[in-house]
*Asks:* 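Here you go, one structure.
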Amino acid sequence: MRKKVVAGNWKCNTTVAEGIALAKEVNDKVTAQDVVVVLGTPFTHITEVVKTVTNKAISVAAQNCAAEAKGAFTGEVSAAMVASTGAKYVILGHSERREYYGETSAILNKKLALALENNLTPIYCCGEALAIREAGTQNEYVINQLKETIFTLSVEDFKKIIIAYEPIWAIGTGKTATTEQAQEMHKAIRDAIAAQFGNEVAQETSILYGGSCNAQNAQELFANPDVDGGLIGGASLKAGDFNIIINAF
Ligand code: PGA
C-alpha cells in the first residue's frame, strides 16, 4: 500500500521561535496514525524543530539542498548537512526554486543524487505554468520534467521518491485545480511511471497534490484514487488547518 503523505512547506516564513511554536502545536494536535506528516521548515529551524517533534507520525524536511557535496559554495547548505540535523526529507524542484533561482533539470539531478546518497527522501515537485495549461500541453510538459530527472534514476532509487504535482497557477493563488484536473494529471503521472518502471512501482509511488490545498478542499482532492496527499504551503502555517488536512483522507 502506498503511503499517504501530508507535507507542509513553510517557505520563507516564521522566525525560529515562531517555527518551534508551530511545530509544537502540530506535534500535539496530530493523532492520525496512517499518514506520514512532514514539516518543511527553513534551514535555520531544522535542528530545533527536529528536537521539538516527538510525535512518531511527524518528520522534518528541508526545502532545498545544495547541488554540490561540500566546499567553497558560500551560503549553500549540503544534503549531508541537512541529514546531520535529523531531517529525513528534502523538497526538490519546487517551481519557486526553478523560476526564481534558475534550477534546471541538470541542477536538480545533482541535488537528487546527493539527497539520495545522504538517505534523504526527496519530495520532487513538478507542474506547469498557466500558459501551458491553456495550450492544453500540460501532461506532456509535466511528464517531460519527470523524464529529464527522476525517470533517469535506477528503479531502486526511484522507489524512494515522493512526487508532488503542483500546477504553478494554483500555488498561493487561492485557485485550486479541480478534482478532475488533479486526478487526470496524477493518473497521467502514474501511467508514465508504469511505462518507465512497471506497474508495481507505479502503484507504490505516492503522488501529492499542491497548490492552494486547504482545510476546505483537501477532502475532495484526497478522495481521488491517484491523489495520495498534499504539499501544503499557506495552510501549513496554521496548525489547526494543517491538522484538518492531515485528517482529510
Ligand atoms: P500553497 O503552496 O499551498 O500556498 O498554494 C503550495 C506549495 O507551493 O508547496
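Order of listing sets the numbers, starting from 1, for every ligand and every atom in it.
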*Asks:* Could you tell me whether ligand 1 has any atom less than 4.0 Å away from a heavy atom of S212?
*Replies:*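 Yes.
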
*Asks:* Examine T173 against ligand 1 and note whether any of their N/O atoms are separated by less than 3.5 Å.
*Replies:*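 N/O-N/O distance below 3.5 Å does not exist for this pair.
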
*Asks:* Just which atoms of ligand 1 are under 4.0 Å from any heavy atom in A170?
*Replies:*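 Matching atoms, with element in brackets: 5 (O).
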
*Asks:* Can you check whether H94's main-chain N or O pairs, donor with acceptor, with N64's side chain at less than 3.5 Å?
*Replies:*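 The answer is no, because no donor-acceptor pair under 3.5 Å joins these two groups.
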
*Asks:* With heavy atoms of L231 as the reference, note each atom of ligand 1 found under 4.0 Å away.
*Replies:*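 Near L231, the atoms of ligand 1 are 6 (C), 9 (O).
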
*Asks:* Purely on distance, is any nitrogen or oxygen of G233 under 3.5 Å from one on ligand 1?
*Replies:*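 The answer is yes, given that G233 and ligand 1 share an N or O pair closer than 3.5 Å.
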
*Asks:* Taking the side chain as every heavy atom from C-beta outward, state whether I246 and K29 have any atom pair closer than 4.5 Å.
*Replies:*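 Contact flag for I246/K29 side chains = no.
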
*Asks:* So which bit of I171 gets within less than 4.0 Å of ligand 1, heavy atoms only: side chain, backbone, both or neither?
*Replies:*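 The answer is both, backbone and side chain.
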
*Asks:* Of all the non-hydrogen atoms in the protein, which one sits nearest to atom 9 (O) of ligand 1, and at what distance?
*Replies:*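 Atom 9 (O) of ligand 1 sits closest to the protein heavy atom E166 OE2, 2.7 Å.
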
*Asks:* Give a yes or no on whether the backbone of V53 and the side-chain of N27 come within a donor-acceptor separation of less than 3.5 Å.
*Replies:*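 No; zero donor-acceptor contacts below 3.5 Å.
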
*Asks:* Are any of the side-chain heavy atoms of D228 and K3 separated by less than 4.5 Å?
*Replies:*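 SC-SC contact between D228 and K3 ruled out.
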
*Asks:* Less than 4.5 Å apart, side chain to side chain, heavy atoms only: is that true for S105 and Q145?
*Replies:*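 Result no, sub-4.5 Å side-chain heavy-atom pair not found.
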
*Asks:* If the cut-off is 4.0 Å to any non-hydrogen atom of H94, which atoms of ligand 1 fall inside it?
*Replies:*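 Reading through ligand 1 atom by atom, the close ones are 7 (C), 8 (O), 9 (O).
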
*Asks:* Is it the case that one hydrophobic cluster holds both L120 and L112, taking links as side-chain heavy atoms less than 4.5 Å apart, direct or via other members?
*Replies:*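 Yes, L120 and L112 fall within the same hydrophobic cluster.
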
*Asks:* Set out, in order, the CA-CA distance, both residues' side-chain angles and the distance that settles ring pair (Phe, Tyr, Trp, His ring centres under 6.0 Å) for F151 and F197, then state yes or no.
*Replies:* CA-CA 8 Å; F151 282 9; F197 295 107; 5.8 Å; yes

*Asks:* Please report whether ligand 1 has a polar contact with E96, defined as an N or O pair separated by less than 3.5 Å (distance criterion only).
*Replies:*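 No, there is no polar N/O contact under 3.5 Å.
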
*Asks:* Would you say I123 and Y165 are hydrophobically clustered, going by side-chain heavy atoms of ILVMFWY under 4.5 Å?
*Replies:*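 Not linked; separate clusters.
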
*Asks:* Relative to the heavy atoms of G234, which atoms of ligand 1 are at a distance of less than 4.0 Å?
*Replies:*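 In order of numbering, the contacting atoms are 1 (P), 3 (O), 4 (O).
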
*Asks:* With a cut-off of 4.0 Å, which atoms of ligand 1 are near a heavy atom of G172?
*Replies:*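 Every atom of ligand 1 under 4.0 Å from some heavy atom of G172: 1 (P), 4 (O), 5 (O).
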
